[in-house]
Amino acid sequence: MTNERKAESPMAVEASEAALTGPPPAKDRTGGGGGRRTALWTAALTAPPLGLLAAAAWFGRHVRPGADDWCFLPAVRDGGVIGMVEKFYLWDNGRVANALLVGAYAKPGIAGHQWFAAVSGLLMWGILWAVTALALRRTALRVPRALPLLVASMATAVFLLASPNTYKTFYWPASAVSHTVAPVLACAAVVPLLLARSRAGRRAATAAVFLMGCFLATLSENTCVVALTVLSCVLLLGRRLVTGGRCAEVRRWCLTGIAGIGVGTVLLLTSPGSQSRRERYGANASMFAPDSLLGALRAFGHVLATLLTTWEYLGAVAAGMLLGLLCRSGGARPSSVVLGNRPLLAAAGTLTFLVAGYLCTVVAYPVFGAGTATVSRAWNDYLLLFVALLVGVGALLGRAVRVASGPLTAVCAAVCAACCLGLALPLAGLGTEMAARARAFDHQDQWLRAQAAGGARTLPYTPLSVAAMGEPFGKHGSWPAGCVADYYHVDKVTHSTRLP
């Protein structure tokens, strides 16, 4: 027993547990058979979101380069990953970690784009599952074994697939590494903290959060804004949210994460690429101008209206309610953090999301202007926090009800299944569009390679777009026609309206 535990009186331990669990639950009259039945149907309920995620990953084989990827592919081919890092640091935006991830999927060429959805989807789902399961274990709550898997799967499904543009959220690698993968990687920094049970483990967790902070700062500015907001909330509320002997440890962990983000941000902002980008978009002068702040507020209001009227997000609330309804105290003292004040926790989570979302919109507004309200890929940095908030609110509602009645659990299960069905229909349509583009792309790609190998220096190119993706000779003019020419080793590509 540690000194921290020795210092706590039995009354303090009892109060800590009571804050977590609330009043004792009603006695389970179903017996062992009822517990097994609950475990079985909970496991069965994971099938819809897992099947949905598997189908989404399978459609990833139809992904082909588009927009920025046209420029990344020849850069990585000719200069390697190090060349990509140099390009980002010196010229584009200063995001060194972003360049590493771009280089990782661009190095294999088109195959990297085809595997990106499956690999990144599995990574994100695994991280959210680990965080959910470990958090429940640390709070000494007993749940059916498949329930953490259900919660993580539903959260991943709505996060990736409920977006107004799923392709740019999940399938377009250039966007996903910056706005979709980044916030989930931030969650991964919590895993070492939840696993730490010794002094060495706590030191490892502290080192991990510092390194992750440095990495995130050069991967996604908006994700860092969200992380800073969350960490600051925990620090400000302190023992009102985190009780028990681990409060000081969590505060040190938060401060170390903030320090890591600060170090990485200095590296980012002093890079030539970041300075060039800020000058290019006028972000230095306009970000905090009154008109920009007001415009960002209007844009964020539009985003909120979209999120709150997208009914598929109810799947996250329903999964959270199942968690609250079916969890029971394990009868042991929580081994780490106890989140006891439920009303304060709900209010703090809501306020944190609103502040983080608005600040992210302020950062993005100089680049996208009024279009910030419709560039849905830029929402993902704080969208994961929104999904987590919905799951948490659902769990708090379930804990308030306390009695896992059959009709209520059946309603929650039906909502989860309905949301998966609602997400599956547009996903199937998108998969059909992606398959059609892939066939046309592969045909044109084979012809262009053959012509270039035969000595042609100017080639016709037919734009092939899906989900409003940028293509040469589209709404942004000829961009990225020059990158397409570099990719095929020719001098120029011209606009064609017919495939060869």
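This is a predicted model, so every value here is computed, not measured.
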Spacing of [X] atom [atom1] and [Y] atom [atom2] [to the nearest 0.5 Å]:
X	Y	atom1	atom2	result
I258	C224	CD1	SG	11.5 Å
L423	T166	CG	OG1	8.0 Å
L255	L235	CG	CG	5.0 Å
L322	T42	CG	OG1	7.5 Å
Y171	T180	OH	OG1	12.0 Å
F88	R95	CZ	CZ	8.0 Å

With a 3.5 Å distance limit and no angle check, can you tell me whether [X] reaches the backbone of [Y] through a side-chain donor-acceptor pair?
X	Y	result
R61	W58	yes
T139	L136	yes
T265	I261	yes
T306	H302	yes
N222	H179	no

Margin query: Name the residue from V466, L464, V484 that meets the side chain to side chain contact (heavy atoms under 4.5 Å, CB included) definition with E471.
Written below: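 Testing each of V466, L464, V484 against E471, the sole residue satisfying side chain to side chain contact (heavy atoms under 4.5 Å, CB included) is L464.
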Next item on the list: Measure up the F300 and Y382 rings against each other and bin them: parallel (under 30°), tilted (30 to 60°), perpendicular (over 60°).
Entry: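 F300 and Y382: perpendicular rings.
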Next item on the list: Determine the interplanar angle of the Y105 and F116 rings, folded into 0 to 90°, and report it as parallel if under 30°, tilted if 30 to 60°, perpendicular if over 60°.
Entry: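 Correct class here is perpendicular.
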Return the minimal non-hydrogen interatomic distance between [X] and [Y], and the atom names on each side.
X	Y	result
Y89	S271	CE1-CB, 3.3 Å
P472	W70	CD-NE1, 4.2 Å
A467	N165	O-ND2, 3.0 Å
R197	R138	NH1-NH1, 3.5 Å
A56	L161	CB-CD2, 4.1 Å
C412	M321	SG-CB, 3.7 Å

Margin query: I'd like to know whether L430 forms a side chain to side chain contact (heavy atoms under 4.5 Å, CB included) with F59, so could you lay out the CA-CA distance, the side-chain angles of the two residues, the decisive distance to 0.1 Å, and finally the verdict.
Written below: CA-CA 9 Å; L430 177 60; F59 290 150; over 6 Å; no
For a 4.5 angstrom cut-off between non-hydrogen side-chain atoms, does [X] reach [Y]?
X	Y	result
W91	S276	no
P173	F72	no
V391	V317	no
W311	C419	yes
L385	P183	no
H113	L73	yes
V225	Y358	no
L150	P49	yes

Check: Should the heavy atoms of other residues, nucleotides or ligands under 6.0 Å from CZ of R77 be counted, would the total exceed 12?
Finding: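 Yes, because the 6.0 Å sphere around CZ of R77 holds more than 12 heavy atoms from other groups.
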Notebook entry, point to check: Within a reach of under 6.0 Å around CH2 of W115, are more than 12 heavy atoms found that belong to other residues, nucleotides or ligands?
Noted result: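 No, not enclosed.
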Next item on the list: Examine F386 together with Y313 and report whether their ring centres are nearer than 6.0 Å.
Entry: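 So the answer is yes for these two rings.
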Side-chain polar contacts of residues 152-160 - donor-acceptor pairs under 3.5 angstrom, sequence neighbours left out - could you list them?
residue	atom	partner	partner atom	Å
S153	OG	W125	NE1	3.1
S153	OG	L149	O	2.7
T156	OG1	A152	O	2.7

Side chains of residues 359-378: which donor-acceptor pairs under 3.5 Å do they make with residues two or more places apart or in other chains?
residue	atom	partner	partner atom	Å
T361	OG1	G357	O	2.8
T372	OG1	G369	O	2.7
T374	OG1	G371	O	3.0

Check: Can you name the residues that form a salt bridge (charged side-chain N to carboxylate O under 4.0 Å, His left out) with D92, not counting sequence neighbours?
Finding: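 With sequence neighbours excluded, D92 shows a salt bridge (charged side-chain N to carboxylate O under 4.0 Å, His left out) to K87, given in chain and number order.
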Note to self: Among residues at least two apart in sequence or on other chains, which ones pass salt bridge (charged side-chain N to carboxylate O under 4.0 Å, His left out) with E312?
What the structure shows: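 Checked E312 against salt bridge (charged side-chain N to carboxylate O under 4.0 Å, His left out); zero matches.
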Note to self: Go through it in stages, so that I can follow the logic: the residues are L100 and V81, the test is side chain to side chain contact (heavy atoms under 4.5 Å, CB included), and I'd like the CA-CA distance, side-chain angles, deciding distance and then a yes or no.
What the structure shows: CA-CA 6 Å; L100 290 173; V81 177; 4.0 Å; yes
Notebook entry, point to check: Side chains of S220 and D381: donor-acceptor distance under 3.5 Å anywhere?
Noted result: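 Present: a donor and an acceptor within the cut-off.
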Check: Does the side chain of S163 pick up a donor-acceptor pair with the side chain of N380 at under 3.5 Å?
Finding: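 No, no side-chain donor-acceptor contact under 3.5 Å.
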Note to self: C254: which residues meet the disulfide (SG to SG under 2.5 Å) condition with it, sequence neighbours left out?
What the structure shows: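 For C254, no residue satisfies disulfide (SG to SG under 2.5 Å) once neighbours in sequence are set aside.
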Hey, can you pull the donor-acceptor pairs under 3.5 Å for the side chains in residues 205-219, sequence neighbours left out?
residue	atom	partner	partner atom	Å
T206	OG1	R202	O	2.9
T218	OG1	A97	N	3.4
T218	OG1	F215	O	3.2

Note to self: Would L134 and V191 count as a side chain to side chain contact (heavy atoms under 4.5 Å, CB included) here? Give the steps.
What the structure shows: CA-CA 7 Å; L134 290 172; V191 173; 3.8 Å; yes
Next item on the list: Determine, stepwise, if the pair L390 / F353 fulfils side chain to side chain contact (heavy atoms under 4.5 Å, CB included).
Entry: CA-CA 11 Å; L390 294 180; F353 162 69; over 6 Å; no
